[in-house]
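Everything numeric in this text was worked out from a predicted model, so none of it was measured. Numbered from 1 within each chain, the chains take letters A, B, ... in sequence-line order.
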2 protein chains.
Amino acid sequence: MHEMDLKKYLKKKGFKVTTQREKIVERFLKRDRHFSVEELYKEMKRTMPGIGFATVYRTLQLLVAAGLATERRFKDNIARFEPSHMNRHHDHMICLNCGRIIEFENHKIEKLQNDVAEKHNFYTVSYKLELYGYCEECKKKRLIGRKNERDGLNTS
Amino acid sequence: MHEMDLKKYLKKKGFKVTTQREKIVERFLKRDRHFSVEELYKEMKRTMPGIGFATVYRTLQLLVAAGLATERRFKDNIARFEPSHMNRHHDHMICLNCGRIIEFENHKIEKLQNDVAEKHNFYTVSYKLELYGYCEECKKKRLIGRKNERDGLNTS
DNA sequence: ATATTATTGATTTTGATTTTCATTTTCAAT
DNA sequence: ATTGAAAATGAAAATCAAAATCAATAATAT
């Protein structure tokens, strides 16, 4: 279904349909979580040992350009890609302890957006909302095994 | 005023008060815009030619740890720091054309946050809201001089 | 003043990302 | 099926912000 979209896109752009691209996209769309290039690369290696990192990397960019993937970066500043799936906008809660990323949908924010944007005569194309904190599990064991230890967690 | 806070912080931590730190903080707090390390470094050079990049870099990190600065990254993925000033949380609209960053304050979002967080048993420490789009000026001249040209601007 | 300890700043290293380039593959037109 | 032009691949190297290293210097407590 979405793979059709990619082929259409490639055709339109005069790009070529290759085995690598097909396999990468197949695997990518199957999953409903975030992929770092690294992660996807490793997964691809299993079925396509010869595949190169750069190819995975470039295909992921291609997917973004084609609108099939969205790139996100959280605190660790590593690019992660997720399928634009049903294209529903969603936002993220990121656990500062275990790194878990919880997705949520938001229905009230659009209104809020419009208010502000209008006030500044700003035309909004996209937006991003991220909540940082502690997930249910980590709330309990708040004091052990921190990953992102700083000093005074900046709360602003 | 805030410089007091830093000294207190340094004392508490057993760190030292140095000329560099004092000057950097002074300059940093004076300004009410975002600084990249690079930018602040260049500005410092003018009055303190001998200062090193690493010192500015480290001091900025110190300020974050002390709660006097907040680090942000927008699309270009370069760390920018801003004074936590009166510590009012604010969010950003980023113009995809000219790169301008417009700050705004938001009073309704906290409620929204709580709703979602509660539903997932998530304890929110901080949050970030960014709107990407076109500022008033750039809306008019939408088609010239784009900087962040991609293919299909990903809108999700 | 001195000893202790942290800081500085030049430099190097890291690590994710991006580019390069020789080789291989795709695909449209024979 | 074959060919040729254009694009893709993959290994390696380049990039570049960020982080770490370390000898020389400066700040603090005694």
Separation of atom [atom1] in [X] from atom [atom2] in [N], rounded to whole Å:
| X | N | atom1 | atom2 | value |
| --- | --- | --- | --- | --- |
| L60(A) | dT9(D) | CG | P | 13 Å |
| E39(B) | dA18(D) | CD | P | 12 Å |
| K45(A) | dT9(D) | NZ | C1' | 13 Å |
| E22(B) | dT7(C) | CD | P | 14 Å |
| R73(A) | dA17(D) | CZ | C1' | 12 Å |
| E71(A) | dT17(C) | CD | C1' | 10 Å |
| F35(A) | dA16(C) | CZ | P | 18 Å |
| K13(A) | dA8(D) | NZ | P | 12 Å |

message: Here's a test of your reading of the structure: between G14(B) and T55(B), which maps to the more 5' nucleotide of DNA chain C?
response: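 Looking at the nearest nucleotide for each, G14(B) comes out on the 5' side.
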
query: Between N77(B) and M48(A), which is nearer to the 5' end of DNA chain D once each is assigned its nearest nucleotide?
result: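 Between the two, 5'-proximity favours M48(A).
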
query: With respect to the side chain of I78(B), which nucleotide from dT8(C), dA17(D), dA20(D) is positioned closest?
result: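 So the side chain of I78(B) is nearest to dA17(D).
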
- prompt: Between dT8(C), dA18(D), dT17(C), which nucleotide gets closest to the side-chain atoms of R21(B)?
  reply: dT8(C)

- prompt: Yes or no on side-chain contact (heavy atoms from CB on, under 4.5 Å) for E43(B) and F35(B), after CA distance, side-chain angles and deciding distance?
  reply: CA-CA 10 Å; E43(B) 257 193 65; F35(B) 270 118; 3.6 Å; yes

- prompt: Going by modelled atom types, is there a donor-acceptor pair between the base of dT17(C) and the side chain of R80(A) at under 3.5 Å?
  reply: no

field: R72(B) bridged to E130(B) by N-O distance under 4.0 Å
entry: no

- request: Look at R100(B) together with E137(B) and state whether they make a salt bridge at an N to O cut-off of under 4.0 Å.
  value: no

query: Along nucleotides 24-30 of chain C, 5' to 3', which nucleotides get a B, which get an S, and which get a -, given that the test is a protein heavy-atom distance under 4.0 Å?
result: --BS---

message: Looking at T55(A), is its backbone amide N or carbonyl O close enough to the side chain of T59(A) to form a donor-acceptor pair, meaning the two atoms are under 3.5 Å apart?
response: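 Between the backbone of T55(A) and the side chain of T59(A) there is a qualifying donor-acceptor contact (under 3.5 Å).
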
field: Flag if over 12 foreign heavy atoms under 6.0 Å of NZ, K42(A)
entry: no

- prompt: Considering residues, nucleotides and ligands other than E118(B), do more than 12 of their heavy atoms fall under 6.0 Å from its CD?
  reply: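 Count not over threshold, so no.
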
- request: Check I94(B) against F74(B) and note the closest heavy-atom contact, atom names and distance.
  value: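 Closest approach of I94(B) to F74(B), heavy atoms only: CD1-CD2, 3.7 Å.
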
message: Can you tell me if R58(B) touches the phosphate of dA10(C), counting only side-chain N or O atoms and a distance under 4.0 Å to OP1 or OP2?
response: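 It does not, given that no N or O in the side chain of R58(B) lies less than 4.0 Å from OP1 or OP2 of dA10(C).
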
